[in-house]
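For reference, the structure discussed in these notes is given below.
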Amino acid sequence: MPSLPKTDETFTTMDQKSRKLLERKQNIAQQRKALPIASVEKRLVEEVKNNDVLIIVGETGSGKTTQLPQFLFNAGLCHDGKVIGITQPRRVAAVSVAKRVAEECGVELGQRVGYSIRFDDVTSNLTRIKYMTDGLLLREALLDPFLSKYCVIIVDEAHERTVHTDVLLGLLKTVQSARSQYVNKELDHEKRSLYKSGNSDRENRLKACQGTKLPPLKLIIMSASLDASVFSKYLGGAKAVHVQGRQYPVDVLYTYHAEPDYLDAALITIFQVHLEEGPGDILVFLTGQEEIEFVERRIKERANQLPEENRKLVIVPIYSSLPSERQMKVFKPAPLGFRKVILATNIAETSVTIPGIKFVIDPGLVKARSYNPVTGVESLIIIPTSKAQALQRSGRAGREGTGKCFRLYPESEFAKLVDSTVPEIKRCNLSNVVLQLKALGIDDILGFDFMEKPSRMAIVRSLEQLFLLGALTEDYKLSDPVGYQMSRLPLDPIYSKALILAGEYQCVEEMLIVVAMLSVESIFYIPNDKLDEARAARKCFSSPEGDHITMINVYRASKEVMEKIQVTNSQDKAAEKSINKWCRDNFINKRSLKHARDIHSQILGHIQQMGLSVTSCGDDMLQFRRCLAASFFLNVALKQPDGTYRAMASAQIVRVHPSSVLFRTKPECIIFNELVRTNQIYVRNLTRIEPLWLPELAPQGAGVLVAERWSGVEQGGDDYTDVKGPNEYGSSISGWPSRSSSPVCFPVYGLCEDGLCLSWLGDDSPPT
DNA sequence: GAGCACTGC
């Protein structure tokens, strides 16, 4: 390099730099070579070449996620400019693996190796190995139904069975069979209907593909579960290969008897390990924040009763709602001579890998979400883990050496656990899934080849809801334009509809803020030790009309602060500091606020693309509330004499959640966004509305559908007959409060002689 | 006057 100054100093630093770089390179090469998967590279590439579908069972530490895409690239699978796509259930995984692989390849991230996740796309035309979240690939499929830029798709961590993974697998099966044929005008009608037109982007893609033959799509499913047969069976008897992992043996110990108090048993075990075992950190799996805080207090109490030399414990909690600075503490090694005790939720099962763990304590329980499609109630319940989960947890003790896992239940109980966790698709609201499939041109949802089919009831309910929202036509086809527009928005369908409707009410700006804020976790952060201060801070934003307008106030206030900072402060760091301070002073969760701002800007882009102008109702919040009523007409609740509410769509008794600004006011009629069961059934995120708006604003079709379906069930003649008769299917109707049981007046979407109507039940006149 | 595992577009 003749242009460089030839001083000794320069030479030394250059030397050192390049030596370090070389060392790092050699180091990486060595690490790669040592991976169990390295020895089977040739065979794996052959298997991929010979099989269109391949299942790879790889234990943790096998290196499959980082190495396989490189093997395939080096074997020339991308020679025609096509891309290898690897999906991950989590964003962090997609990013960190992509970074690692880019380094291993010695390329800049975003060039040959890149990643794409929501709000963050680090890819280019040159990208051939692309890591992404599974949800993002599903979105891509809406624009490019043949996934034409990919030659291989690797679905990683398939055993986790997230909704996205499950839907993706079903879709990929369809795409693969479509890709194996010519995409041209001769494509017969039946095949064409798989990818029904109606959306101009997609039509363009299809046109671009016409007359060209797409190469077959290779599909690789990677799973850590030992049982590959479920995947193999689903994918037409696909071949499965096993890649060894690099995991040290973990000694699993059980209790002799069932423990009546698992928290106490956990405490005893923690101290037993601490006092009797050699060095190594302890990871304890608990179900939630409350348990973690309780156990933390108890450990400290007990440790204080021990002799000084035995008190050397560092306790670190970790759960998702903990601010990230505090989450990071789990990675800090304990001071010399100290033992770290990590109290974790499920977050430490897969999402976060903590080094130094030698002991795992597993009470065998997990907090799981369940969803009742009939009542629409979501609840969080504590249930036993599955066998697969128990294995995953014990494996956390064997990452760096041999370990021990203490299961706080007898061995006989382990045998009774279910093999694997119930896939998420069987316990969630399906409206979004159904809408996505419809948008992909898959019309027969009940007949769709799900890996594990959700209950018929759950599907029918979602179809019904989408129809009521106007996303589906009377024959259950995606409606144009509303259905198409809704499917394009990355939001809960009911929020997408609210946004579209806001166009008619001239309050798009307001609704956009609200749907963004409703899409994130609670925006208010209320620490236990500063309750009064937090409440006082929230009061500054509170609106007497309810939580939605309160959210708008918070969002606008934060925006104002940010704009002010940008004017006075050019430095990013200083700006961030100020906004952090504002969040702290106002007890706002800054992570949630940031997330809401990201969603806001993404959705804004979408609606501008759709040609929806961003109108504002200014100070006319009446208009905005009417729009809320028109959007969330299914979520109406009316006050009863005793101060509780009755949710109209399911006739359930509900209470206002204490976090609502309307907790004390208790207006006569409210709309709400969430129905959650904990100790009670609560409604959250409410706004006061006038009951008389409903007959005017609720869609005419609402009850006609319900009535028709109901009579269909009675006749036993239509498509949905396997639903068990009117009592179950029609419970939302037969469960309406009757005149005798409730003296209050209710507006209901009832059954009339000529179909459905919104009528008043109870008194003859509406309440005043 | 309550309390919320974890992801994702």
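Here is how names work: the chains are called A, B, and so on, in the same order as the sequence lines, proteins then strands, and each is numbered from 1. Computed from a prediction, not measured in an experiment: that's the story for all the values here.
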Would you mind telling me which of [options] lies closest to the side-chain atoms of [X]?
X      : options             : answer
A:R91  : B:dG8, B:dA5, B:dA2 : B:dG8
A:N432 : B:dT7, B:dA5, B:dG8 : B:dG8
A:L380 : B:dC4, B:dA2, B:dC6 : B:dC4
A:R118 : B:dA2, B:dC9, B:dG8 : B:dC9
A:R369 : B:dC4, B:dG1, B:dC6 : B:dC6
A:R90  : B:dG1, B:dC4, B:dT7 : B:dT7
A:R664 : B:dC9, B:dA5, B:dG1 : B:dG1

Check the distance between [N]'s [atom2] and [X]'s [atom1] and give it to me in whole angstrom.
X      : N     : atom1 : atom2 : value
A:I381 : B:dG3 : CD1   : P     : 16 Å
A:E290 : B:dA5 : CD    : P     : 8 Å
A:H164 : B:dC6 : NE2   : P     : 18 Å
A:L136 : B:dG8 : CG    : P     : 12 Å
A:Y319 : B:dC4 : OH    : P     : 13 Å
A:I603 : B:dC9 : CD1   : C1'   : 9 Å
A:E424 : B:dC9 : CD    : P     : 13 Å
A:E349 : B:dC6 : CD    : P     : 11 Å

(request) Any chance you could measure A:Y150, atom OH, to A:I86, atom CD1, to the nearest 0.5 Å? (result) 9.5 Å
(message) Is there a side-chain contact between A:S320 and the phosphate of B:dC4, meaning an N or O under 4.0 Å from OP1 or OP2?
(response) no
Please work out if [X] contacts a base, only the sugar-phosphate, or nothing of the nucleic acid, heavy-atom cut-off 4.0 Å.
X      : result
A:T133 : sugar-phosphate
A:I117 : sugar-phosphate
A:R684 : base
A:R535 : base

(request) For the pair A:Y495 and A:F632, name the ring-plane relationship: parallel under 30°, tilted 30 to 60°, perpendicular over 60°. (result) perpendicular
(request) For a side chain to side chain donor-acceptor pair (under 3.5 Å) with A:E160, tell me which candidate from A:Q88, A:R90, A:Q392 qualifies. (result) A:R90
Can a cation-pi geometry be assigned to [X] and [Y], taking NZ or CZ under 6.0 Å from the six-membered ring centre and within 45° of the ring axis?
X      : Y      : value
A:R393 : A:F285 : yes
A:R427 : A:Y371 : no
A:K666 : A:F663 : yes

(message) Using heavy-atom distances to pick each residue's nearest nucleotide on DNA chain B, tell me which of A:Q602 and A:A368 is more 5'.
(response) A:A368
